[in-house]
Amino acid sequence: MSVVSALPFLKTIHMRDPISPGRQRRHTLPASEFRSLSPEDAISVFEIEREAFISVSGECPLHLDEVRHFLTLCPELSLGWFEEGRLVAFIIGSLWDQEKLNMDALTLHKPHGTTVHIHVLAVHRTFRQQGKGSILMWRYLQYLRCLPYVRCAVLMCEDFLVPFYQKSGFKVQGPSEITVGPLTFIEMQYPVRGHAFMRRNSGC
C-alpha cells in the first residue's frame with residue numbers, strides 16, 4: 001500500500017505562536033502536528049481512550065493489546081494530533097471487506113478490503129469542546145481520499161453521537177448487528193470515492 005500521495009495531509013502544521021520573538025520557547029517541537037501513529041504511541045492512545053469511553057459507557061472500543069495490534073498491522077490507517085509533542089486526539093482504523101460490520105470487524109484487519117472501519121476517535125479531556133474531534137475527522141477523511149484502494153469508511157456509534165458524525169458527512173445505515181454487553185449501536189457510512197464512483201463500483 002502506497003501512502004506517498006497522501007503525505008500532504010500528514011505533514012506537520014505549524015501554528016503561529018502568540019509569544020513575541022524575544023520570548024519564544026526554546027524547544028523545537030512543532031506547535032501542532034498530524035501524523036500516523038505507531039505501536040510506541042499505544043499507551044498514550046489507550047490512556048486517552050480509557051478516560052473518554054469508560055466514563056461514558058463503561059467500555060473501551062479497543063483494549064491496549066488491540067490498539068497495539070492495529071498500530072502494528074495498519075498504522076497508515078491511524079491519525080494522531082500532537083500539540084508540542086503530546087498526543088491530544090487520535091483516530092484508529094483498519095480495512096474491512098464486507099458490506100456491513102460484524103463481530104469479526106472489532107478485531108480483524110482485512111488487507112485486501114476496500115472499506116475503512118473507524119474503530120475509535122477520542123480527544124484528551126483537556127482539549128474537548130474545542131472542535132478538535134471534527135477537525136481531526138475532516139483531515140482523516142481527506143487523507144483517505146488519497147488512498148486509491150479505499151472506497152468508503154464505516155463506523156458504529158451510540159445514538160447520541162449520530163449528529164456529530166452526520167456533520168462530518170456520514171449517513172445512517174441502520175442498527176448495527178454488533179452489541180457489546182447492554183450497548184447497541186448505529187452503523188454509519190461515508191462514501192470516500194463519491195456517489196458516482198460508488199454506482200460504478202460495487203466495492204462497498
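L144 has its side chain within reach of L77: a pair of non-hydrogen atoms, C-beta onward, lies under 4.5 Å apart. The side-chain heavy atoms of N102 and W96, taken from C-beta on, include a pair separated by under 4.5 Å. By the 4.5 Å heavy-atom criterion applied to side chains, F170 and L155 are counted as neighbours. The shortest side-chain heavy-atom distance between S38 and L71 does not fall under the 4.5 Å cut-off. The shortest distance between side-chain heavy atoms of I118 and M137 falls below 4.5 Å. In this structure, the side chains of Q166 and M188 come closer than 4.5 Å at one or more pairs of heavy atoms. Considering only heavy atoms from C-beta on, E76 comes within 4.5 Å of Y143 through its side chain. Between T107 and E66 there is a side-chain heavy-atom pair separated by less than 4.5 Å.
Nearest heavy-atom pair, T72 versus P39, reported as atom, atom and distance to 0.1 Å: OG1-CG, 3.4 Å. Here the closest non-hydrogen pair linking V123 and A89 is CG2-CB, 3.9 Å. Across all non-hydrogen atoms, the minimal contact from G93 to C74 is O-SG, 3.5 Å. Closest non-hydrogen pair, F53 versus C60, comes out as CB-CA, 4.3 Å. Taking both residues in full, the closest heavy atoms of R86 and F127 are given as NH1-CE1, 3.8 Å, listed atom of the first, atom of the second, then distance.
Looking at W81 and E83, their side chains do bring a donor and an acceptor atom within 3.5 Å of each other.
Of the possible donor and acceptor atoms, one in the side chain of S176 sits under 3.5 Å from a partner among the backbone N and O of I178. Looking at E49, its side chain does come within 3.5 Å of a backbone N or O of L62 through a donor-acceptor pair. Under the 3.5 Å distance criterion, the side-chain polar atoms of R145 are matched with a main-chain donor or acceptor of V192. Between the side chain of H124 and the main chain of T126, a donor-acceptor pair closer than 3.5 Å is present. Listed for the Y165 side chain is no donor-acceptor partner under 3.5 Å among the backbone atoms of Q189.
Checked against side chain to side chain contact (heavy atoms under 4.5 Å, CB included), L87 has the following partners two or more places apart in sequence or in another chain: L37, S44, V45, I48, F82, F90. Residues meeting the side chain to side chain contact (heavy atoms under 4.5 Å, CB included) test with P75, sequence neighbours left out: none.
Considering OG1 of T115 and CD of Q98, their distance stands at 9.5 Å, rounded to 0.5 Å. Separation of atoms CG (L183) and SG (C157) is listed at 12.0 Å; rounding is to 0.5 Å. For the atom pair CZ of R50 and CG of L64, the computed distance is 8.5 Å after rounding to the nearest 0.5 Å. From I91, atom CD1 reaches atom OH of Y140 across 6.5 Å, with rounding to the nearest 0.5 Å. A distance of 8.0 Å separates CG in L101 from CD in E177, rounded to the nearest 0.5 Å. Summarising the geometry, atom CG belonging to D97 is positioned 5.0 Å from atom NZ belonging to K110; distances are rounded to the nearest 0.5 Å.
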- request: Dump the intermediate steps for side chain to side chain contact (heavy atoms under 4.5 Å, CB included) on Y190 and V154, then the final yes or no.
  value: CA-CA 6 Å; Y190 180 91; V154 297; over 6 Å; no
task: For side chain to side chain contact (heavy atoms under 4.5 Å, CB included), just list the numbers for V150 and T114, CA-CA rounded to whole Å, side-chain angles, deciding distance to a tenth of an Å, and then say yes or no.
output: CA-CA 5 Å; V150 175; T114 59; over 6 Å; no
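Each of L73, L147, V116, L108 was compared with L95 under the side chain to side chain contact (heavy atoms under 4.5 Å, CB included) criterion, and only V116 meets it.
Salt bridge status for E51 with R128: present, with a side-chain N to carboxylate O gap under 4.0 Å. The pair R68-D41 does not meet the salt-bridge criterion, since no charged nitrogen lies less than 4.0 angstrom from a carboxylate oxygen.
Note: F70 and H109 fail the aromatic proximity criterion, with ring centroids not under 6.0 Å apart.
Within a 6.0 Å radius of CD1 in I43, no more than 12 heavy atoms belonging to other residues, nucleotides or ligands are found.
H119 and H117 have tilted rings, their planes meeting at an angle from 30° to 60° on a 0 to 90° scale.
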